[in-house]
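Note that the coordinates shown come from a computational prediction; the quantities given were computed from them, not determined experimentally. Each chain gets a letter, A, B and so on, in the order the sequences are listed, and its residues count up from 1.
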There are 2 protein chains.
Amino acid sequence: MKYIEKLRNSGLRPTKQRLQICELLFDTEKTFHFTINELNQKIKDKIDNKISLATIYNTVHAFEKKGYLKQIPVNSNQTYFDTNITDHHHFYNLKDGKLIDLEKSDVGPINIKKKIDGKKIKSIEVLVKLED
Amino acid sequence: MKYIEKLRNSGLRPTKQRLQICELLFDTEKTFHFTINELNQKIKDKIDNKISLATIYNTVHAFEKKGYLKQIPVNSNQTYFDTNITDHHHFYNLKDGKLIDLEKSDVGPINIKKKIDGKKIKSIEVLVKLED
DNA sequence: CAGCTTTTTAGAACCATTATAAACTAGTCT
DNA sequence: AGACTAGTTTATAATGGTTCTAAAAAGCTG
């Protein structure tokens, strides 16, 4: 299994459930955005056994902590995650709550001129809200 | 009362509670960021009577809808609002969850090269996460 | 396999937010 | 001013995403 190493590398034991989650998250041609709720639905659709919500939350958060998933800052009651962990940005379609990737090259360089002493910049995220 | 017109202008009747909320939100030298919880606390501290949570939510959302307040997209369990409604961005201090304003001039122009047909850009928001 | 630790699970708990329905208030008309 | 109507406030319940818990199950080491 190709994800065993990835999991071990993150300090996670390769359990059946985690491997199944890995397949749904990382075994795809394209990266995608999801909420826990959507992932849970996908699990129900594509996997025979059930995986409890607690496990899904635990696993997704573990991946997020290790950098295998990114959280996307959006104003929503649900948390959005992204399997695309490259440095990029997002469109947010207000009408349906869907996200669309915006490559870094589509935005151009962002130069933060203000400095906060004692602090380092961890990430710069641009959210472009779309309306009709 | 200087807020009566502002409220009427937004289609809101100038009630005692709304005027009190206006004073706390807009009668300050500096703009500031807040969560509903923090605003509720401030109301308890500075106002004799109580204002129910429902009224606070309703009023804040009405102002947000009319553009007198802005919501800030952050990954948090609580919604952050900003009384600074000028076009600007934010630092987000991961350690304490506090926000710091970033003037537009501190970020430089952002040119979104990608277009989504049938959609207009409503806003562009930059969130700069800070760590130690 | 035995023993120990981690993980999974269902369900409860939590907490921000939203909905509800009754009491109240503002604005208007006479 | 009195009374009517529509909008508002309030306490409380409901909702829903997320986190916690404790017991059962599975992984790992020797």
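Rounded to whole Å, atom C1' of D/dG17 lies 15 Å from atom CZ of A/Phe34. The CG atom of B/Leu12 sits 12 Å away from the P atom of D/dG7 (whole-angstrom rounding).
Under the side-chain contact (heavy atoms from CB on, under 4.5 Å) criterion, A/Asn111 pairs with A/Lys113, sequence neighbours left out.
Side-chain atoms of A/Lys95 and B/Lys119, non-hydrogen and from C-beta on, do get closer than 4.5 Å to each other.
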Using residues 30-43 of chain A as the side-chain source, report each donor-acceptor pair under 3.5 Å to any protein atom, sequence neighbours left out, with the distance given to one decimal.
from	atom 1	to	atom 2	distance (Å)
A/His33	ND1	A/Leu99	O	3.4
A/His33	NE2	A/Asp82	OD2	3.2
A/His33	NE2	A/His90	NE2	3.3
A/His33	NE2	A/Asp101	OD1	2.7
A/Thr35	OG1	A/Glu38	N	3.1
A/Glu38	OE1	A/Thr35	N	3.0

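A/Ile116 shares a hydrophobic cluster with A/Phe91, A/Ile100, A/Leu102, A/Val107, A/Ile110, A/Ile112, A/Ile121, A/Ile124, A/Val126, A/Val128, A/Leu130, B/Phe91, B/Ile100, B/Leu102, B/Val107, B/Ile110, B/Ile112, B/Ile116, B/Ile121, B/Ile124, B/Val126, B/Val128, B/Leu130; the chain of contacts runs through ILVMFWY side chains whose heavy atoms sit under 4.5 Å apart.
For the segment residues 71-82 of chain A, the set of residues with a heavy atom within less than 4.0 Å of an atom of DNA chain D comprises A/Asn77, A/Gln78, A/Thr79, in numerical order. A heavy-atom distance below 4.0 Å to DNA chain D is reached by these residues of residues 40-58 of chain B, ordered by number: B/Lys50, B/Ile51, B/Ser52, B/Ala54, B/Thr55.
For D/dT18, the OP1/OP2 oxygens have no side-chain nitrogen or oxygen of A/His61 closer than 4.0 Å.
When atom types are taken as modelled, the side chain of B/Arg18 and the backbone of B/Arg13 share a donor-acceptor pair closer than 3.5 angstrom.
Applying the 6.0 Å contact sphere to CG of A/Asp117 captures no more than 12 heavy atoms from other residues, nucleotides or ligands.
A centroid separation of less than 6.0 Å is found between the aromatic rings of A/Phe63 and A/Phe26.
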Using the side-chain hydrogen bond (donor to acceptor under 3.5 Å, both in side chains) rule, take B/Glu125 and B/Ser123 through it: C-alpha gap first, then chi angles, then the decisive distance, then the call.
CA-CA 6 Å; B/Glu125 308 184 54; B/Ser123 68; 3.3 Å; yes
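For A/Leu7 against A/Pro14, the heavy-atom pair with the smallest separation is CD1-CA, 3.7 Å. A/Thr86 and A/Lys70 get closest at one heavy-atom pair: O-NZ, 3.3 Å.
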Heteroatom pairs (N/O) under 3.5 angstrom, protein to nucleotides 24-29 of chain D:
from	atom 1	to	atom 2	distance (Å)
D/dC28	OP1	A/Arg8	NH2	2.9

